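Since the model is a prediction, treat every value here as computed from it, not as a measurement.
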Amino acid sequence: ALYRLRLSVDIAAPPARVWRALCDPNEVVRWDAGVERALDAPADYPRPGQHVRWPYSDGPFRVLHDRPLEVVAEEKLRSLLALGPYRYDDTYRLERLGKDCRLTVEVDVWVPVPILGPAVERLYLGPATRRDFAAALASIKRHCETTP
């Protein structure tokens with residue numbers, strides 16, 4: 001991986017609520033501002049072996065390719081993602097904290113074929129990835145704490 005990060009957020013909602021926000025395509029579009037909808041999402045999403053496309057409303061790359069690898073309900077969701085030239089191996093983990101929970105994301109990011117050169121991509125990719133995933137966690141937290 002070019003870059004690896006780990007971020008956590010405590011959410012005042014039970015793991016089942018946070019799991020639904022992560023996995024229900026209708027919920028994802030409500031907290032992830034850039035996502036328009038899920039294309040090709042089967043009724044039993046997420047399951048290993050599926051491929052779901054998530055179109056984005058803006059940005060240089062308009063389709064996120066999502067391939068779930070490991071799914072343990074209300075505990076762990078690991079997926080391989082591709083957005084333009086970028087590849088992400090991301091794992092969301094849920095940990096119960098009394099009635100609430102902690103959501104942790106671990107992400108490895110890389111570029112299979114460097115576009116700008118490895119040094120430039122490392123300097124850009126790390127901070128951009130951290131910012132984007134921190135914003136996603138904050139958005140999931142806000143969504144789960146305000147929407148039953």
Might you point out which heavy atoms bring [X] and [Y] nearest each other, and give the distance in Å?
{"X": "Ala12", "Y": "Glu145", "result": "N-OE2, 2.8 Å"}
{"X": "Tyr45", "Y": "Pro68", "result": "CE1-CG, 3.9 Å"}
{"X": "Trp110", "Y": "Leu80", "result": "CH2-CD2, 4.3 Å"}
{"X": "Ala41", "Y": "Val52", "result": "CA-CG2, 3.8 Å"}
{"X": "Leu7", "Y": "Ala134", "result": "CD1-N, 3.6 Å"}
{"X": "Asp24", "Y": "Asn26", "result": "OD1-N, 2.8 Å"}

Can you tell me how far apart [atom1] ([X]) and [atom2] ([Y]) are? Round to the nearest 0.5 Å.
{"X": "Leu5", "Y": "Asp90", "atom1": "CG", "atom2": "CG", "result": "9.5 Å"}
{"X": "Glu74", "Y": "Leu22", "atom1": "CD", "atom2": "CG", "result": "11.0 Å"}
{"X": "Asp58", "Y": "Glu36", "atom1": "CG", "atom2": "CD", "result": "9.0 Å"}
{"X": "Arg102", "Y": "Arg96", "atom1": "CZ", "atom2": "CZ", "result": "14.0 Å"}
{"X": "Ile11", "Y": "Leu137", "atom1": "CD1", "atom2": "CG", "result": "7.0 Å"}
{"X": "Ser57", "Y": "Arg37", "atom1": "OG", "atom2": "CZ", "result": "10.5 Å"}

Side chains of [X] and [Y] in contact at under 4.5 Å (non-hydrogen atoms):
{"X": "Tyr3", "Y": "Val111", "value": "no"}
{"X": "Asp89", "Y": "Arg78", "value": "yes"}
{"X": "Trp31", "Y": "Thr147", "value": "no"}
{"X": "Val18", "Y": "Tyr92", "value": "no"}
{"X": "Val71", "Y": "Pro48", "value": "yes"}
{"X": "Tyr56", "Y": "Val35", "value": "yes"}

**Prompt:** For Asp100 and Asp10, what are the C-alpha separation, side-chain angles and deciding distance, and is it a side chain to side chain contact (heavy atoms under 4.5 Å, CB included)?
**Reply:** CA-CA 8 Å; Asp100 302 337; Asp10 291 352; over 6 Å; no
**Request:** Test Asp40 against every option in His51, Gln50, Arg53 by the side chain to side chain donor-acceptor pair (under 3.5 Å) rule and name the one that passes.
**Result:**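 Only one option passes, and that is Arg53.
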**Request:** Determine yes or no for a side-chain-to-main-chain donor-acceptor pair under 3.5 angstrom, with Glu106 supplying the side chain and Thr91 the backbone.
**Result:**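 No, the answer is negative, given that no donor and acceptor are paired below the 3.5 Å cut-off.
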**Message:** Looking at Lys99 and Pro14, would you say the former's side chain and the latter's main chain have a donor-acceptor pair under 3.5 Å?
**Reply:**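 No: the side chain of Lys99 does not pair with the backbone of Pro14.
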**Message:** If only side-chain N and O atoms count, and only distance matters, is there a donor-acceptor pair under 3.5 Å linking Arg17 with His143?
**Reply:**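 Note: His143 and Arg17 side chains meet the donor-acceptor criterion.
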**Arg6 CZ: over 12 foreign heavy atoms closer than 6.0 Å** =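 Not buried by this count: 12 neighbours or fewer within 6.0 Å.
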**Item:** Aromatic plane relationship, Tyr86 with Phe61 - under 30° parallel, 30 to 60° tilted, over 60° perpendicular
**Value:**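 Phe61 and Tyr86: perpendicular rings.
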**Asked** If two hydrophobic side chains count as joined below 4.5 Å and joins carry through other members, does Val105 share a cluster with Leu97?
**Response**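 In one cluster with Val105: Leu97, no.
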**Request:** Any chance you could lay out the side chain to side chain contact (heavy atoms under 4.5 Å, CB included) test for Ile140 and Leu103, step after step, and finish with the verdict?
**Result:** CA-CA 9 Å; Ile140 291 168; Leu103 177 62; 4.0 Å; yes
**Request:** Walk me through it: do Trp54 and Asp32 pass the test side chain to side chain contact (heavy atoms under 4.5 Å, CB included)?
**Result:** CA-CA 11 Å; Trp54 300 85; Asp32 190 331; over 6 Å; no
